[in-house]
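Here's the structure, in structure tokens; my notes come after.
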Amino acid sequence: MIKITLPDGSIREVEKGTTSQQVALSISEGLARNVLAAKVNGEVWDSNRAIETDAKLQLLTWNDDEGKSTFWHSSAHLMAEALESLYPGVKFWVGPPLENGFYYDVDLEENTLTPADFEKIETKMLELARQNNAYVRKPISKSDAIKYFKDKNDFYKLDLLERLDDGNITLYTQGEFTDLCRGPHIQATGVIKAAKILNIAGAYWKGDIKNKMLTRIYGITFPKDKELKEYLVALEEAKKRDHRKLGKELELFTFSEKVGMGLPLWLPKGTMLRERLERFMRDAQAKAGYLPVITPHIALKELYICSGHYEKYGADAFQPINTPTEGEQFFLKPMNCPHHCEIYKSSPRSYKDLPIRYAEFGTVYRYEQHGELHGLTRVRGFTQDDAHLFCRPDQVKEEFCKVIDLVLHVFNALDFKDYTAQISLRDPENKAKYIGSDENWALAEQAIIESAKEKGLKTVVELGEAAFYGPKLDFMVKDAIGRKWQLGTIQVDYNLPERFELEYTGSDNQKHRPVMIHRAPFGSLERFVAVLIEHCAGSFPLWLTPEQYAILPISEKFNDYAKKVMDELNSLGLRGSIDDRNEKIGKKIRDNEMNKIPFMLVVGEKEAAENKVAVRERGKGDIGALGIAEFAKKVEEVIQNDFKQKELN
RNA sequence: GCCGAAGUAGCUCAGCUGGUAGAGCUCCUGAUUUGUAAUCAGGCGGUCGGGGGUUCGAGUCCCUUCUUCGGCUCCA
């Protein structure tokens with residue numbers, strides 16, 4: 001007999017060799033039906049795998065992330081089976097589960113696949129699922145495995161096998177399909193009741209641009225048809241929040257082929273929104289002791305040779321601008337830091353001057369690959385809310401922590417709760433990609449890790465994500481359809497001060513090297529606005545929104561009164577407009593609601609007589625009549641209250 | 001840059017197997033003077049992304065190029 005400890009702490013004595021499935025059955029039939037996999041001593045197993053020793057057991061169902069993953073991983077195998085049956089001879093690379101669904105990378109050989117074929121694959125998958133074939137796990141020796149895949153002429157699986165240790169290799173078979181796989185899997189295909197192929201895309205084999213491009217097929221499956229339908233509806237809803245769609249509808253920004261791809265044009269409403277964000281940041285920075293600077297958009301090549309940017313990106317940047325007679329070469333600035341270094345150098349510095357914090361909304365230009373451009377989140381010209389802090393080594397941690405506070409202040413004010421703080425370090429395998437000594441990198445990394453810890457941030461570490469001159473603390477958020485973007489970033493840099501030979505005189509009257517902190521809480525205004533649009537689905541908070549109110553006269557007779565109301569509100573510091581179109585009130589309400597105007601002020605005979613406005617709140621409807629000053633006060637209160645609540649959180 | 005898909009009026013989209021472009025909204029004009037999510041009528045508006053080809057004839061077929069979309073690679 002062995003002892004099985006369940007998550008609630010209860011212990012069950014069962015025969016040696018009992019499966020998790022059997023344990024589930026002993027608890028309840030319903031549970032047994034819903035078990036997809038099991039966590040045995042912290043490792044996810046097939047639920048029909050025999051447990052031979054005392055173990056901690058957690059049964060995994062659709063409600064557990066790991067249960068879902070197992071379900072989707074098995075679904076990837078099912079899709080592969082369908083593909084193999086429909087397109088004999090296709091070769092498979094890897095097919096992992098994702099946060100939502102799964103994909104399989106396949107080499108289609110001579111076959112082609114278009115979205116028109118999706119339904120065929122889905123139908124086949126469900127047909128195979130209905131056969132309720134078991135996923136059969138089979139440990140196999142490395143030599144047998146090699147023989148098996150050699151016979152199958154499966155180059156990709158042989159490549160995978162090369163890196164696996166003998167004794168640790170398993171095959172899984174369901175129906176006609178056998179795959180090299182460590183598992184785990186669900187018991188049988190029958191629980192997969194709904195399947196959808198989502199899209200196809202190219203993906204380099206092993207992610208290397210030099211390799212063949214495989215076809216990556218994305219899909220998702222569910223144990224209930226209803227869940228698939230709900231998922232697809234949610235997907236549609238998410239698409240409605242897409243900043244590219246809302247940006248067009250709300251007239252925030254546009255692009256022009258004539259101007260050039262990846263170069264956003266900010267429309268008046270988008271500009272008003274952006275300017276409010278800038279103002280918010282300027283105020284916060286002024287309070288935190290930052291000093292404003294302004295630098296030009298181009299600089300001599302020599303500046304970037306000094307910083308190291310030229311060597312690193314020169315060939316992959318916009319090419320130089322040449323002067324007609326002197327033969328000078330200028331580059332569009334890809335970063336503000338070299339300029340700021342030169343400002344630091346413009347005067348001798350004392351240890352008493354530090355830290356010095358230079359802030360600039362600096363517009364930079366980077367050559368991004370054609371296929372990379374994406375709405376406002378990935379562009380070729382953008383403005384960073386950039387600042388560079390020059391400090392003494394003993395000030396680094398304090399300054400870094402203060403910057404974290406600033407970033408969190410911004411996120412808090414805008415209600416971003418779903419972010420991760422990512423510590424981006426060097427790729428230890430490829431140090432040649434970076435400049436600077438190991439010693440400096442160690443110092444910088446240590447400063448970041450300690451500061452993040454001191455601030456109690458929940459962090460993840462990513463190797464190979466550092467900037468070429470130093471490690472970063474990046475704040476990552478997700479967009480409407482789940483893609484991750486970097487917003488705020490803070491970087492500790494011991495290297496550029498060396499390259500620029502920055503100095504200050506210490507209390508010992510000796511020259512010392514300052515440490516630089518690069519930081520941008522928004523990251524880029526473009527990307528930040530994009531994520532903000534998606535975050536609030538275009539319904540911006542009252543303090544930011546380009547238009548806080550729209551006055552809707554019942555008929556043309558009340559346009560004059562509307563004008564009077566607007567003048568009064570504007571003089572009280574509000575912003576809005578009059579919808580004086582020759583339309584009925586219902587139409588005006590509908591249009592302004594769709595434009596996501598926070599307050600609609602209906603004015604007719606009654607309001608004009610009483611010097612009031614009938615207030616209608618976005619999403620809520622009529623909330624009654626208020627005096628004009630009274631309404632302004634209400635707006636002010638909402639804004640104040642918004643901020644107050646944020647401060648409390 | 002690579003793989004795949006798509007580009008028709010300002011916007012959203014229709015246009016069968018090639019026969020010479022259409023709707024709704026927007027905009028303009030007129031009527032209406034409106035009370036809480038679409039008033040009615042009329043009108044303007046497209047060299048069907050650009051270029052080339054096949055054909056008696058191309059939005060429709062082929063090639064090429066640009067842009068956009070989904071990924072991959074990249075991201076100071």
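Numbered from 1 within each chain, the chains take letters A, B, ... in sequence-line order.
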Check: Tyr290(A) main-chain N/O paired with Arg357(A) side-chain donor or acceptor under 3.5 Å:
no
Polar side chain donor-acceptor pair, His388(A) to Asn336(A), under 3.5 angstrom:
no
Distance between C1' atoms of C2(B) and U60(B) (Å, rounded):
30 Å
Readout for nucleotides 26-36 of chain B: B = base within 4.0 Å of protein heavy atom, S = sugar-phosphate only, - = neither; 5' to 3' it is S----BBBBBB
Are Glu526(A) and Arg378(A) side-chain neighbours, meaning at least one heavy-atom pair lies under 4.5 Å?
no
Assign Arg380(A) to base, sugar-phosphate, or nothing according to its heavy-atom contacts below 4.0 angstrom with the strands shown.
nothing
With hydrogens left out and only the distance checked, is there a donor-acceptor pair under 3.5 Å joining Tyr204(A)'s side chain and the base of G1(B)?
yes
Using a cut-off of 4.0 Å on non-hydrogen atoms, how would the nucleic acid contact of Gly371(A) be classed: base, sugar-phosphate, or nothing?
base
Quick one: is G70(B) close enough that its OP1 or OP2 comes under 4.0 Å of any side-chain N or O from Arg483(A)?
yes
What's Gln369(A) touching, base or sugar-phosphate or nothing? Going by heavy atoms closer than 4.0 Å.
base
What contact category does Phe255(A) fall into here, base, sugar-phosphate, or nothing, at under 4.0 angstrom with non-hydrogen atoms?
nothing
Base, sugar-phosphate alone, or nothing: which one does Ala201(A) contact when heavy atoms must sit under 4.0 Å apart?
base
So what does Leu373(A) touch, heavy atoms closer than 4.0 Å: a base, only the sugar-phosphate, or nothing?
sugar-phosphate
Heavy-atom side-chain proximity of Leu113(A) to Ile121(A) below 4.5 angstrom:
yes
For the base of C3(B), is there a side-chain donor-acceptor partner from Arg216(A) under 3.5 Å away?
no
Is Tyr103(A) touching bases, backbone alone, or none of the nucleic acid, heavy atoms closer than 4.0 Å?
nothing
Arg366(A) (side chain) and C74(B) (base): donor-acceptor pair under 3.5 Å:
no
